[in-house]
A.B. asks: 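Please find one structure pasted underneath; my questions will follow.
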Amino acid sequence: MTLDVLYFAWLRERIGLPRETVETGAATVAELVEELRAREDRYDMAFRDLSAIRVAVDQQLTEFDTSLSDAREVAFFPPMTGG
Amino acid sequence: MTLDVLYFAWLRERIGLPRETVETGAATVAELVEELRAREDRYDMAFRDLSAIRVAVDQQLTEFDTSLSDAREVAFFPPMTGG
Amino acid sequence: MRVVVQEAPFGAGEEAERLAAGRADMGAVVTFCGLVRDTPDADLRYMEIEHYPGMTARAIEAIAAEAAARWSLGDVLVIHRHGRLAPGEAIMMVGTVAPHRADAFAAAEFLMDYLKSRAPFWKKEVTARGAAWVEAAEADEDALTRW
Amino acid sequence: MRVVVQEAPFGAGEEAERLAAGRADMGAVVTFCGLVRDTPDADLRYMEIEHYPGMTARAIEAIAAEAAARWSLGDVLVIHRHGRLAPGEAIMMVGTVAPHRADAFAAAEFLMDYLKSRAPFWKKEVTARGAAWVEAAEADEDALTRW
C-alpha cells in the first residue's frame, strides 16, 4: 500500500520534511508509526512521546489504533493551536 | 420639601405627564407613593401594583423604603428593557 | 472606557475596528450588537426607545466599571441609541478588549445582562395592530444571578 | 455559513457589518476577533501560522455545522489566516447571528473553543530570543468538556 504521510509544525521540523510517500504493510496508524521509528533516529526521536502527537487519516482527526485499510493520506502533528 | 417627580414608559402614559414638581412631607418613597395615589384615580391606578414598578432617587436605583431626606429627584418606571 | 448614548445611528464595524487599533498587548476583541427584530406575529413598523437622560450614562458607566473591576480588560465600549428605530437597525453595541478570550467573552455577556435590566431604557413596539411596551422577561432578571 | 482560510488580512469591521445586513429577523450579532499579542517577556517579531490545507476548511465547516445544529442561528462566519503576522494583526474572527443573544454568545464561544483545539493550525512565535512553537494549553482542551 502506498500512503502520503504528512508532518506539521515541530514534527515537520524534526523529521526534516513536510510530506513523503511511504510504501507500507501497516494495518493501523500505530503500526505505521513503528515502521517509521525503525527507519532513522530523527523519526524515532520525533515519535518518542505519542501523547504529544495527533493524527489525521484522510483529513479526519482520529486515534492511533485506526485501521489504514483504504487510507490514502496520514498526517501527524502536535496538538492544534488555532484561534 | 420640594421634589421633582419623573415618570417613564407606561407610567408616564397612565399618569399623563413626564415630570412634575411635588410639595411633600413624605419621609420615604413609599409615603410619597401613598400621597400620589390619594390625589387622583390615574395615580391610584398607575401605582396599584408596586411589584411592576422600579424607583430611582437622585438617579440611583433604589427601594420603596428609601428615605427621602436630602432627595431632590424621584423617578418611577417599569422594569427596564435595555440592550 | 467609552459610553455613548445617542439618537443617531452608529457604525458598528468602524467601532469594532477602533477597539484594539494600534495595540499589540491585547489578544481578544468581542462585540455584541443588538438589532431591532421584526415581531414574528405582527408587522413591526418601528421601535420607540425611551430613556432617563439624567441617569442613563451614569448607570451604564457604573456597569462598565464593574466589568473592568471583575475581568482583566484593555477597553470597554457601550453605545446605546434611543428614539425611533426601524426593523433591522442597530439598537446598541458593547465591545470588550482583553489579553485573553475568556475575559472578553465574560465581560461582554455581563455587560449585556446588566444593560438589559439595569440601564434605564424602555422599548415600545409599534405594529400594524397598535403599540405595546416590551415587558421585561423573567429570564433577563434571572440572568443577573449568574454573576 | 461562510468559512474563509486565507493568508491576506481581512476587514473585521466590514465583515461584522455584513453579518446581519438587510435582515430584520435577527436580534443579535456577536463577533470575536483574535489578535497577535506581543509576548510579555520577549519582543515578538512575528507569528508564523502553519496549517493543513487539505483539512482546514473542512474541519472548520464541521465545527460551524455543529454550532448551527446546536443553537438557533441565522448565520455563522469563520475567517482564519495563516502565514506570517505582525504583533497587533488580526489572526481570525468568528461571527454569529441569531434571533436571541444567548444563542449568539454560546455559539461564538463554542466555535472559539473548538477552533482552538480542533482546527489544524499551529502557531510559532519568533522573538528576539529565537523561535518557539506555541504549546496547546491544557485549559483549552478542558474548555471542550463544557459543551
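Each chain gets a letter, A, B and so on, in the order the sequences are listed, and its residues count up from 1.
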A.B. asks: Less than 4.5 Å to any heavy atom of chain D: does that hold for the side chain of C:Val36, its backbone, both, or neither?
C.D. replies: backbone
A.B. asks: Which atoms of C:Arg101 come close to chain D, meaning under 4.5 Å heavy atom to heavy atom: side chain ones, backbone ones, both, or neither?
C.D. replies: both
A.B. asks: Taking side chain as everything from C-beta outward and backbone as N, CA, C, O, which of these in C:Ala104 sits under 4.5 Å from a heavy atom of chain D? Side chain, backbone, both or neither.
C.D. replies: neither
A.B. asks: Quick one: are C:Val30 and D:Thr31 in side-chain contact, heavy atoms under 4.5 Å?
C.D. replies: no
A.B. asks: Counting only heavy atoms not in C:Glu135, do more than 12 fall under 6.0 Å of its CD?
C.D. replies: no
A.B. asks: Pick from C:Ala139, C:Gly22, C:Ala102, C:Ala24: which one has the most heavy-atom pairs with chain D under 4.5 Å?
C.D. replies: C:Ala24
A.B. asks: Are more than 12 heavy atoms, taken from residues, nucleotides or ligands other than C:Glu14, located less than 6.0 Å from that residue's CD atom?
C.D. replies: no
A.B. asks: How long is the gap from CZ on D:Phe105 to CZ on C:Phe105, to the nearest 0.5 Å?
C.D. replies: 8.0 Å
A.B. asks: Taking every non-hydrogen pair under 4.5 Å, which of C:Ala16, C:Ala143, C:Pro87, C:Ala28 racks up the most with chain D?
C.D. replies: C:Ala28
A.B. asks: Quick one: pull up CD in D:Glu17 and CD in C:Glu15 and give me the separation to the nearest 0.5 Å.
C.D. replies: 10.0 Å
A.B. asks: Report which part of C:Glu109 has an atom under 4.5 Å of a heavy atom belonging to chain D: side chain, backbone, both, or neither.
C.D. replies: both
A.B. asks: Under 4.5 Å heavy-atom distance to chain C, tell me which part of D:Ala108 shows up: side chain, backbone, both or neither.
C.D. replies: both
A.B. asks: In terms of heavy-atom pairs under 4.5 Å, which option from D:Gly34, D:Pro99, D:Gly95 contacts chain C the most?
C.D. replies: D:Pro99
A.B. asks: Looking at chain D, which one of C:Asp113, C:Val97, C:Leu19, C:Ile91 has the largest number of heavy-atom pairs inside 4.5 Å, strictly under?
C.D. replies: C:Asp113
A.B. asks: Name the one of C:His100, C:Met26, C:Arg23 that satisfies side chain to side chain contact (heavy atoms under 4.5 Å, CB included) with D:Arg37?
C.D. replies: C:His100
